[in-house]
Amino acid sequence: MTDEPKRSHDGPLDRALAILTFVAEQKKALSAAEIADALGLPIPTAHRLVGNLEDRGLVQKAIGTKRYVVGSKLVTLSAKTIGAAFRTARRHAVLSAVADRIGEQCEIGVVRDNAVIYVDSVRSKQQQGLQFNPGDAAPLHCTSTGKIYMSRLPAKDRHRLAHALPLVRYTPTTIADPDALLVQLEETRRRGWAKSNQEFVLGVVGCAVPIVSPDGDLIACLGVSVPMARVGFDGLDAFIGPLQKAATLLSSTILSDRDELENSQISE
């Protein structure tokens with residue numbers, strides 16, 4: 001563990017936020033005693049604050065244990081916060097620019113409650129076969145954004161989720177077998193981006209790239225959906241470069257209000 005969590009936190013709110021931040025940064029469930037030790041808090045204080053956070057759904061006990069992980073309300077809040085952060089004029093301008101560059105609708109999606117939620121989208125000037133509007137939801141297993149999210153999970157979590165999801169067959173090409181899905185997720189993990197071949201809507205193909213934090217954590221995904229009659233499945237590969245360039249611009253600004261976005265950077 002780093003020394004970062006051990007900084008002094010004066011008030012109850014500071015300490016509660018420190019607990020939430022620390023729990024969110026860990027890859028395992030934590031006991032109240034471990035949280036207290038890492039943050040330099042008295043054990044009774046840690047128990048009280050963790051209990052208050054649990055009452056509010058911001059942390060919760062891992063199933064079958066007395067150890068804590070982030071709570072469902074915190075997950076929902078984080079997804080809404082990410083969505084709000086992307087719905088700014090300058091970030092929407094980046095989305096508009098890449099949509100104009102490739103001539104197809106582009107959308108930004110996050111994952112919440114094991115579903116893809118679209119937080120912003122731009123329709124290009126061309127007619128679209130499928131449009132995701134802000135607030136629309138889609139399944140994980142048959143969307144490019146969902147595949148990216150699942151591919152970045154640790155192997156055990158990825159395997160567990162693939163076998164736990166209801167793999168509804170929306171079209172003849174939907175991957176409804178968990179083992180086949182895991183094979184594609186491994187390929188997605190290897191190359192760093194995802195494609196979908198008429199898996200959610202018949203006649204529509206798509207691809208997506210990750211938008212990551214400076215530490216490499218997944219923030220959201222930037223994707224495109226297009227009628228197969230206009231762009232074939234293999235033709236999606238031409239969109240990856242422009243999408244990755246736009247994703248880099250978006251990730252460089254999501255955590256900093258000082259960055260200047262120039263749409264011409266995408267249009268060059």
Minimum-distance pair of heavy atoms, taken over all atoms of Leu53 and Ala16: CD1-O, 3.9 Å
Any donor-acceptor pair under 3.5 Å from Gln60 side chain to Ser72 backbone: yes
Common cluster, Leu202/Ile175, ILVMFWY with side-chain heavy-atom separation under 4.5 Å: no
Side chains of Thr145 and Thr143, donor plus acceptor under 3.5 Å: no
Close side-chain approach of Gln198 to Val205, heavy-atom, < 4.5 Å: yes
Pro210 versus Ala247, closest heavy-atom pair with distance: O-CB, 3.6 Å
Trace of the side-chain contact (heavy atoms from CB on, under 4.5 Å) decision for Leu218 with Val111: CA-CA 10 Å; Leu218 183 66; Val111 172; over 6 Å; no
Pair Arg152 + Asp217: basic N to acidic O under 4.0 Å: no
Any donor-acceptor pair under 3.5 Å from Asp157 side chain to Pro154 backbone: no
Side-chain ion pair, Arg189 and Glu186, N-O less than 4.0 Å: no
Over 12 foreign heavy atoms within 6.0 Å of CZ, Phe239: yes
Which residues share a side chain to side chain contact (heavy atoms under 4.5 Å, CB included) with Pro42, sequence neighbours left out: Pro44, Thr45
Side-chain donor/acceptor of Lys147 to backbone N/O of Lys195, under 3.5 Å: yes
Side-chain (Thr188) to main-chain (Ala194) donor-acceptor, under 3.5 angstrom: no
Exam field: side chain Gln26 to backbone Phe22, donor-acceptor pair closer than 3.5 Å: yes
Steps toward side-chain contact (heavy atoms from CB on, under 4.5 Å) verdict (Thr174, Val168): CA-CA 8 Å; Thr174 302; Val168 177; over 6 Å; no
Heavy-atom pair of closest approach, residues Pro12 and Leu49: O-CD2, 4.2 Å
Cluster check Val23, Ile43: I/L/V/M/F/W/Y, side chain < 4.5 angstrom: no
Flag side-chain contact, heavy atom, 4.5 Å: His141 against Tyr170: yes
Leu153 with Val69, same ILVMFWY side-chain cluster at under 4.5 Å: no
Residues forming a ring pair (Phe, Tyr, Trp, His ring centres under 6.0 Å) with His159, sequence neighbours excluded: His163
Nearest heavy-atom neighbours spanning Asn114 and Leu140: O-CG, 3.6 Å
Point-to-point distance, once rounded to the nearest 0.5 Å, from CG of Leu222 to CG of Leu243: 5.0 Å
Heavy-atom pair of closest approach, residues Met150 and Arg158: O-CG, 3.2 Å
